Amino acid sequence: MSQPDATPARRVILVSVDLLASSQLHGVTQAAGLELDVLGPAGLLASAEAAPPALVIFDLTTPLDDLPGTVAALKSLTPPPAVVAFGPHVQGARLEAAADAGCDAVLTRGQFHRSSAEVLARYASAEGGGAP
């Protein structure tokens with residue numbers, strides 16, 4: 001009889017409809033030993049409740065009706081995931097709104113893609129994953 005894996009892959013959810021963003025992040029998560037699920041906003045909370053992720057990443061170019069409410073719902077999970085958001089640098093109001101919503105980190109798209117491995121290590125690592 002086989003034993004279940006004692007250390008399952010830690011789950012990261014990317015909320016995005018941008019295929020380029022998801023394909024770029026897929027390789028980085030795989031290299032870090034993480035499992036990546038790419039979801040639209042509609043299925044996010046049900047998926048996160050069913051299998052709590054270590055990290056949820058919001059692509060702020062993806063339409064989302066209630067970012068503050070969604071972040072609050074995610075933070076109420078046990079254990080709560082870390083929440084990171086990224087978006088175009090020219091959309092400063094949207095980036096500021098994500099910070100105000102309670103995201104643990106908010107980055108421009110360029111910052112996120114340049115430092116995605118570091119973001120994953122900080123917010124989804126086995127040692128310190130989840131919300132700081």
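This one's a predicted model, so the numbers in the text were calculated from it and none came from an experiment. We number each residue from 1, following the sequence as shown.
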Exercise. Give the C-alpha distance, both sets of side-chain angles, the deciding distance and a yes or no for side-chain contact (heavy atoms from CB on, under 4.5 Å) between Glu35 and Arg10.
Key: CA-CA 6 Å; Glu35 172 187 318; Arg10 297 195 32 99; over 6 Å; no
Quiz item: Given Asp59, which of Asp18, Leu25, Leu64 fulfils the side-chain contact (heavy atoms from CB on, under 4.5 Å) condition?
Solution: Asp18
Quiz item: Hey, which of Leu14, Val71, Val84, Ile13 is the one that makes side-chain contact (heavy atoms from CB on, under 4.5 Å) with Phe58?
Solution: Val71
Practice problem: Evaluate the criterion side-chain contact (heavy atoms from CB on, under 4.5 Å) for residue pair Val83 and Lys75; output intermediate values, then yes/no. | Solution: CA-CA 8 Å; Val83 179; Lys75 294 294 187 173; 3.9 Å; yes
Practice problem: Check the pair Asp104 / Arg122 against salt bridge (Lys or Arg N to Asp or Glu O under 4.0 Å), numbers first and verdict last. | Solution: CA-CA 11 Å; Asp104 297 300; Arg122 177 172 182 186; over 6 Å; no
Practice problem: Any chance you could lay out the side-chain contact (heavy atoms from CB on, under 4.5 Å) test for Val17 and Thr61, step after step, and finish with the verdict? | Solution: CA-CA 8 Å; Val17 294; Thr61 63; over 6 Å; no
Quiz item: Should the pair Phe86 and Phe112 be assigned to parallel (<30°), tilted (30 to 60°) or perpendicular (>60°) ring geometry?
Solution: parallel
Exercise. Only counting residues at least two apart or in another chain, list the ones meeting side-chain hydrogen bond (donor to acceptor under 3.5 Å, both in side chains) with Arg114.
Key: none
What's the spacing between [X] [atom1] and [Y] [atom2] if we round to 0.5 Å?
X      : Y     : atom1 : atom2 : value
Cys103 : Leu67 : SG    : CG    : 5.0 Å
Thr29  : Leu34 : OG1   : CG    : 6.5 Å
Ser22  : Leu36 : OG    : CG    : 7.5 Å

Self-check item: side-chain contact (heavy atoms from CB on, under 4.5 Å) evaluation trace for Tyr123 with Val12
Solution: CA-CA 10 Å; Tyr123 293 105; Val12 174; over 6 Å; no
Which atom pairs, one a donor and one an acceptor, fall under 3.5 Å between side chains of residues 37-54 and the rest of the protein, sequence neighbours left out?
from: Asp37; atom 1: OD2; to: Arg11; atom 2: NE; distance (Å): 2.5
from: Asp37; atom 1: OD2; to: Arg11; atom 2: NH2; distance (Å): 3.0
from: Ser47; atom 1: OG; to: Arg11; atom 2: NH2; distance (Å): 2.4

Practice problem: Using atom types as modelled and distance alone, determine if a side-chain donor or acceptor of Ser115 lies under 3.5 Å from a backbone N or O of Glu118. | Solution: no
Quiz prompt | Check: Ala21 main-chain N/O paired with Gln24 side-chain donor or acceptor under 3.5 Å | solution = no
With a cut-off of 3.5 Å and sequence neighbours excluded, list every side-chain donor-acceptor pair involving residues 92-99.
from: Arg94; atom 1: NH1; to: Leu60; atom 2: O; distance (Å): 2.7
from: Arg94; atom 1: NH1; to: Gln91; atom 2: OE1; distance (Å): 3.2

